[in-house]
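What's counted below: heavy atoms across the whole structure, side chains too, no hydrogens, waters or symmetry copies.
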Amino acid sequence: MSSRPAKRAVFEQFAADGISVMFGNPGTVEQGFLDVLEELPDFRYVLALQESAALGIADGYARATAGPALVQLHTGVGLGNGVGMLYQAKRGHSPLVVIAGEAGVRYEAMDGQMAVDLVAMATPVTKYATRVTHPGSVLRVLRRAVKTAMTPPRGPVFVALPMDVLDAETDEPALPSTIPSRATVPVPEELDRAAAVLRAARRPVVLAGDGVAVSGAQPELAALAEALGAPVWTVNCSELVIDTTHPLHRGDLGHMFGEHSAAAVADADVVLVVGTYLFPEVFPLLRSPFAEGCRIVHVDLDDYEIAKNFPAEVALAADPKPTLAALAARLGPARPLPGRAPAEPYGAGMMDLFAAELARRAPADLVLFDEALTASPALLRHLPPRRPGFYFQTRGGSLGVGVPGAIGIKLARPGSEVVGFTGDGGSMYTIQALWSAARYGVAARFVICDNRRYQLLDDNLEQYWRERGIASHPHPEGFDLAHPEIDFVRLARSLGVPGVKVSKPAQVESAVGRMLAEPGPFLVHLMTT
């Protein structure tokens, strides 16, 4: 391989891995390789005005493509700005490849401006973090990063790229990264053991998480649940793992309080856990929520998560898709399905009206990004997720993913109609992402559900009061977002995105029609209170 500067070779490596877009925010110590990028017409740089927005867009892109998304941050200050979104990506197993520049290895002893241990900063919020120190290993390290990000359990990785290393010559060849296959299934004896436990169940329950979606095991999960006649609760889910209109689907356990999970499994004699851990609440129970004698079968590719908090009788570190298929084959035909519970009566609130109108007009390829939080129940009553790849939800606990996430999905799937729902509070974490949508003509739609406060905090505080016998009283002033009022339409317009405010039921129909007809990005400011 002929010698060339490493700053050029890195783009050869990205091309070898099929990566042709970089999301980022530039800085001085990255200027050398960003300057090279201008000479590459087939490589696209998507500029965001802040690092959290860049990471949020990349996260949506990675989730929609199921492939690696490349992010460029600006040394320690940029990495610091993006830590919250990186934590979100780590908890959600999003395969981001994050790079950041630094002044150079030669300046390390000087402790100059912006000097910081980037690897130490990145390690807690990534699956793998490293620093390149020699031009002869730049591409090797990038391949290792891509491999690590894409090997289940997937997750974000970080590589620090010193400027003097990138300026140096390298003759490393650019080769496609190797992604090991983990499409594994247990040996027959272990499958027989798991099937025997499941077959003996009288009151089985299935708990399923995002590992099912990553594996593409949605049909196998439904078939196994039908063979067991078991209700399915989703746990820590941000993508579809079972058709939410399926008669055995019972809903999501939530992510706040352990009592909710305990109620779901209290009467179970056998629990099948697939693609998640137990239990991912903010306030989990410290005691076991399972009845005495309950038997647990746990299937996941992430062996760390298996039996992390509660023992399992059968623990299978395996790919859910072939494993669930093999178990269903051992259990025999499906049991009769129960009738579906009557649908909840639709409310007359603004969110119900808006979601109903969107459902009436929605094209078959409608993709939702749901960060509506307290407004989500109304959204899902009218637009229940039914197909993999058409519904994405916030995950990991960081607010602000709704707007950039929808942009990333639309960039990945330009032919689909993409609508992102977020709240007034969440949107303000990354509202500047609208500028990127306008700059690149990304025709995503954004709905800001405005209840003029951090409503989720109100709800959680009331639970706190109930648990501790505290009398109800006014919520903290810090939960209020009404003063001064945020004019989201004018704010969006200043960032290049047109919009409309909807505060009356009579305005809903025209707003939805205008939103779907707009050739570029469009924002709806929906007053929900």
> Donor-acceptor pair, distance only, cut-off 3.5 Å: does the side chain of D17 make one with the backbone of I19?
no
> Between the main-chain N or O of E259 and the side-chain N or O of E281, is there a donor-acceptor pair closer than 3.5 Å?
no
> Calculate, to the nearest 0.5 Å, the distance between atoms CG and CZ belonging to L175 and R143 respectively.
5.0 Å
> Against V97, only a single residue in V71, T148, V157 fulfils side-chain contact (heavy atoms from CB on, under 4.5 Å); can you say which?
V157
> State whether the side chain of Q72 and the backbone N or O of M22 hold a donor-acceptor pair below 3.5 Å, judged by distance alone.
no
> I'd like to know if the side chain of K7 reaches the main chain of D35, judged simply by a donor and an acceptor atom lying under 3.5 Å from each other, with no hydrogens or angles considered.
no
> May I ask you to decide if V138's main-chain N or O and E172's side chain share a donor-acceptor pair within less than 3.5 Å?
yes
> Are L228 and L248 close enough that some pair of their side-chain heavy atoms sits under 4.5 Å apart?
no
> Dump the intermediate steps for side chain to side chain contact (heavy atoms under 4.5 Å, CB included) on L207 and F279, then the final yes or no.
CA-CA 10 Å; L207 305 177; F279 283 95; 3.8 Å; yes
> Walk me through whether T130 and R144 qualify under side chain to side chain donor-acceptor pair (under 3.5 Å).
CA-CA 10 Å; T130 193; R144 186 181 304 158; 5.7 Å; no
> Mark yes or no for whether R445, through its side chain, and A406, through its backbone, hold a donor-acceptor pair below 3.5 Å.
no
> Between atom CZ of R154 and atom CG of L301, what is the distance when rounded to the nearest 0.5 Å?
10.0 Å
> So, the side chain of Y440 versus the backbone of L47: is there a donor-acceptor pair under 3.5 Å, distance only?
yes
> Give me each pair satisfying ring pair (Phe, Tyr, Trp, His ring centres under 6.0 Å) with a member in residues 390-410, each pair once, sequence neighbours excluded.
none
> With no hydrogens and no angle check, is any side-chain donor or acceptor of S215 less than 3.5 Å from a backbone partner on K321?
yes
> Would you confirm whether E190, through its side chain, and V187, through its main-chain N or O, come within 3.5 Å as a donor-acceptor pair?
no
> Please say which of Q88, H93, R63, R91 ends up in a side chain to side chain donor-acceptor pair (under 3.5 Å) with S238.
R63
> Between L221 and V206, is any pair of side-chain heavy atoms under 4.5 Å apart?
yes
> Can you confirm whether W233 sits close enough to V265 that some side-chain heavy atom of one is under 4.5 Å from a side-chain heavy atom of the other?
no
> Nearest heavy-atom pair of S94 and A62: which atoms, and what distance?
OG-CB, 3.8 Å
> Which atom names give the shortest non-hydrogen contact between A9 and T170, and what distance separates them?
CB-CG2, 3.9 Å
> So which atom in G104 and which in D164 form the shortest heavy-atom distance, rounded to 0.1 Å?
CA-OD1, 3.2 Å
> How far does CG of N81 sit from CG of L86, to the nearest 0.5 angstrom?
11.0 Å
> On a heavy-atom basis, which atom in K90 and which in P124 lie closest, and how many Å separate them?
NZ-O, 3.2 Å
> Mind listing the closest non-hydrogen atom pair of A318 and T323 along with its distance?
CB-OG1, 3.3 Å
> Run the side chain to side chain contact (heavy atoms under 4.5 Å, CB included) test on F11 and L37 for me, step by step, so that the C-alpha distance in whole Å, both residues' side-chain angles and the decisive distance to 0.1 Å come before the verdict.
CA-CA 8 Å; F11 290 102; L37 191 153; 3.7 Å; yes
> Could you tell me whether a side-chain N or O of E371 sits under 3.5 Å from a main-chain N or O of G400, the two making a donor and an acceptor?
yes
> Decide side chain to side chain contact (heavy atoms under 4.5 Å, CB included) for E313 and V197; before the verdict, give the C-alpha distance in whole Å, the side-chain angles of both, and the deciding distance to 0.1 Å.
CA-CA 9 Å; E313 180 173 338; V197 173; 3.7 Å; yes
> Can you find a heavy atom in the side chain of V299 that is under 4.5 Å from one in the side chain of L316?
yes
> Assess the residue pair H249 and D243 against the criterion (side chain to side chain contact (heavy atoms under 4.5 Å, CB included)); give the C-alpha distance rounded to whole Å, side-chain angles, the decisive distance to 0.1 Å, and a yes or no.
CA-CA 7 Å; H249 179 251; D243 181 346; over 6 Å; no
> Which distance, rounded to the nearest 0.5 Å, do you find between the CG of N25 and the CD of E51?
4.5 Å
> So, do L198 and V270 sit near enough that their side-chain heavy atoms are less than 4.5 Å apart?
yes
> Taking the side chain as C-beta and beyond, is there a heavy-atom pair between Q31 and P26 under 4.5 Å?
no
> So N460 and F257, do their side chains get closer than 4.5 Å, heavy atoms only?
yes
> Given the rule in the side chain to side chain donor-acceptor pair (under 3.5 Å) test, do D252 and T234 qualify, once you have shown the distances and angles that lead to the verdict?
CA-CA 5 Å; D252 192 89; T234 54; 3.0 Å; yes
> Considering all heavy atoms of both residues, which atom of G209 and which atom of V241 are nearest to each other, and what is their separation?
O-CG1, 3.3 Å
> Can D459 and Q463 be said to form a side chain to side chain donor-acceptor pair (under 3.5 Å), step by step?
CA-CA 7 Å; D459 296 346; Q463 173 84 3; over 6 Å; no
> Apply salt bridge (charged side-chain N to carboxylate O under 4.0 Å, His left out) to R182 and list each qualifying residue two or more places apart in sequence or on a separate chain.
none
> With ring pair (Phe, Tyr, Trp, His ring centres under 6.0 Å) as the rule and sequence neighbours excluded, what pairs involving residues 294-326 come up?
F290-F310
> Calculate, to the nearest 0.5 Å, the distance between atoms CG and OG1 belonging to D117 and T123 respectively.
8.0 Å
> Side chains of K308 and L278: does their closest heavy-atom pair fall under 4.5 Å?
no
> Between atom CG of L96 and atom OH of Y61, what is the distance when rounded to the nearest 0.5 Å?
12.5 Å
